[in-house]
Amino acid sequence: MNGIVYLVGGGPGDPGLITVKGLACLRRADVVLYDRLVAPELLDEAPPTAELVDVGKEPTRHRRSQEEINALLVEKAQEGKTVVRLKGGDPFVFGRGGEECLALAGAGIPFEVVPGVTSAIAVPAYAGIPVTHREVANSFTVITAHLCDGSIDWGSLPRTGTLVFLMGAKHLPEIATQLVAHGHTPDTPAAVIQRGTTAAQKVVSGTLADIAERAAGLQLPATIVVGEVVRLRPALDWFAPDGPHLTLVTNPEALPLYAMEG
Ligand code: SAH
């Protein structure tokens, strides 16, 4: 009999940002297939007997392809196992979660999606930047700048809303140049947040004119925010990376959450 696959959003880095339901799935997993960006503390939440597979690491010489990951998910579920596919942020925000679901559906494997806290919203929040704010920005657009290969229609990006770029840090100079070429003013505020929501969080802010220069040397992963909401940051900058934080309760007995059926 087939097992089941839970596609779980692990949140952007702070392990406490996994959902209650995601944590419950993790705690009953036989197998966990996890990505590079998942908070390492979360793996301690899987049962000690669970098989943990790092699918973000190169198994031999090359990184596991999406097809290999899909095949592994199907294979483990066909062994009757409870499989957790633990992904950074939300599984359906640039996480290829849809492709994995299609592969599972095609193989007749039952699956559930447990949405996660996406870095597109949470990383700016930890930098004191709300993605929308009354009378400042009434929309936000999340864009992958992975390739900057011409697939972004720069002219169509709203100039009055917030723009959030994921996977774009390497392309920051081009992003800033393209936005200005397509109607953003050079003094539009911008920020880059490195390893947001973790103790290694660093934030650099500036304008489209100087952000690329200011952010040079930041590490990955990083999120880029462009728009007037960045101006709120000095007033709302609440997160102190070394400050006292509420942390994830790691003792399952202490947190009897989510009685799941079956
Ligand atoms: N599914 C994920 C996004 C995957 S794309 C989500 O919903 O969050 C990976 C990109 O997310 C990275 O290149 C980076 O732009 C962003 N990202 C993920 N974790 C981050 C973090 N802790 N700090 C800053 N950016 C992060």
Side-chain angles (χ1 to χ4, degrees), residues 6-19 21-22 33-43 54-57 63-64 66 69 84-101 113-131 140-149 151-152 162-176 190-205 211-212 214-215 217-227 230 233 237-241 245 247-248:
Y6 295 104
L7 255 87
V8 175
D14 177 345
L17 293 182
I18 192 170
T19 64
K21 188 169 184 178
L33 272 66
Y34 64 98
D35 279 338
R36 202 170 35 96
L37 287 178
V38 158
E41 295 90 337
L42 288 178
L43 300 174
D54 179 355
V55 294
K57 213 171 78 182
R63 184 175 289 263
R64 249 181 246 268
Q66 189 59 51
I69 295 171
V84 165
R85 175 71 177 103
L86 186 62
K87 302 171 83 72
D90 180 273
F92 280 178
V93 178
F94 304 133
R96 306 191 71 170
E99 292 167 55
E100 294 176 6
C101 291
V113 180
V114 183
V117 172
T118 179
S119 56
I121 298 171
V123 167
Y126 271 56
I129 304 170
V131 289
F140 64 98
T141 306
V142 183
I143 307 144
T144 171
H146 189 32
L147 299 172
C148 271
D149 57 358
S151 58
I152 301 176
T162 304
L163 305 179
V164 180
F165 291 90
L166 302 185
M167 294 185 280
K170 280 197 202 126
H171 302 285
L172 181 56
E174 189 186 342
I175 290 168
V192 181
I193 305 129
Q194 161 203 303
R195 301 183 69 186
T197 80
T198 75
Q201 173 170 311
K202 285 213 176 72
V203 186
V204 174
S205 51
I211 192 69
R214 282 174 184 253
L218 278 195
Q219 290 168 4
L220 300 177
T223 291
I224 302 164
V225 188
V226 176
V230 172
R233 173 172 149 70
D237 185 20
W238 60 274
F239 177 67
H245 298 298
T247 45
L248 185 69

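None of these values were measured; they are calculated from a predicted model. Count residues from 1 along the sequence. Values below: every heavy atom of this structure, side chains too, minus hydrogens, waters and symmetry copies. Atoms within each ligand, like the ligands themselves, are counted from 1 in listed order.
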Colleague: Under 4.5 Å between any side-chain heavy atoms of Phe94 and Val142, yes or no?
Modeller: yes

Colleague: Distance check, rounded to the nearest 0.5 Å: Leu172 atom CG versus Lys170 atom NZ?
Modeller: 13.0 Å

Colleague: List, ordered by chain and residue number, the protein residues whose closest non-hydrogen atom lies under 4.0 Å from any atom of ligand 1.
Modeller: Pro12, Leu37, Gly88, Gly89, Asp90, Val93, Phe94, Thr118, Ser119, Val123, Leu166, Met167, Ile193, Arg195, Gly196, Pro221, Ala222, Thr223

Colleague: Would you tabulate the side-chain donor-acceptor contacts of residues 118-129 under 3.5 Å, counting partners in other chains and residues two or more places apart, or write 'none'?
Modeller:
unit_1: Thr118; atom_1: OG1; unit_2: Ala120; atom_2: N; d: 3.2
unit_1: Tyr126; atom_1: OH; unit_2: Asp14; atom_2: OD2; d: 2.9

Colleague: Suppose we screen for salt bridge (charged side-chain N to carboxylate O under 4.0 Å, His left out). Which residues come up paired with Arg195, at least two apart in sequence or across chains?
Modeller: none

Colleague: Applying side-chain contact (heavy atoms from CB on, under 4.5 Å), name anything that partners Lys202, two or more places apart in sequence or on another chain.
Modeller: Gln194, Leu218

Colleague: For the pair Asp35 (side chain) and Leu37 (backbone), establish whether a donor and an acceptor sit closer than 3.5 Å, ignoring hydrogens and angles.
Modeller: no

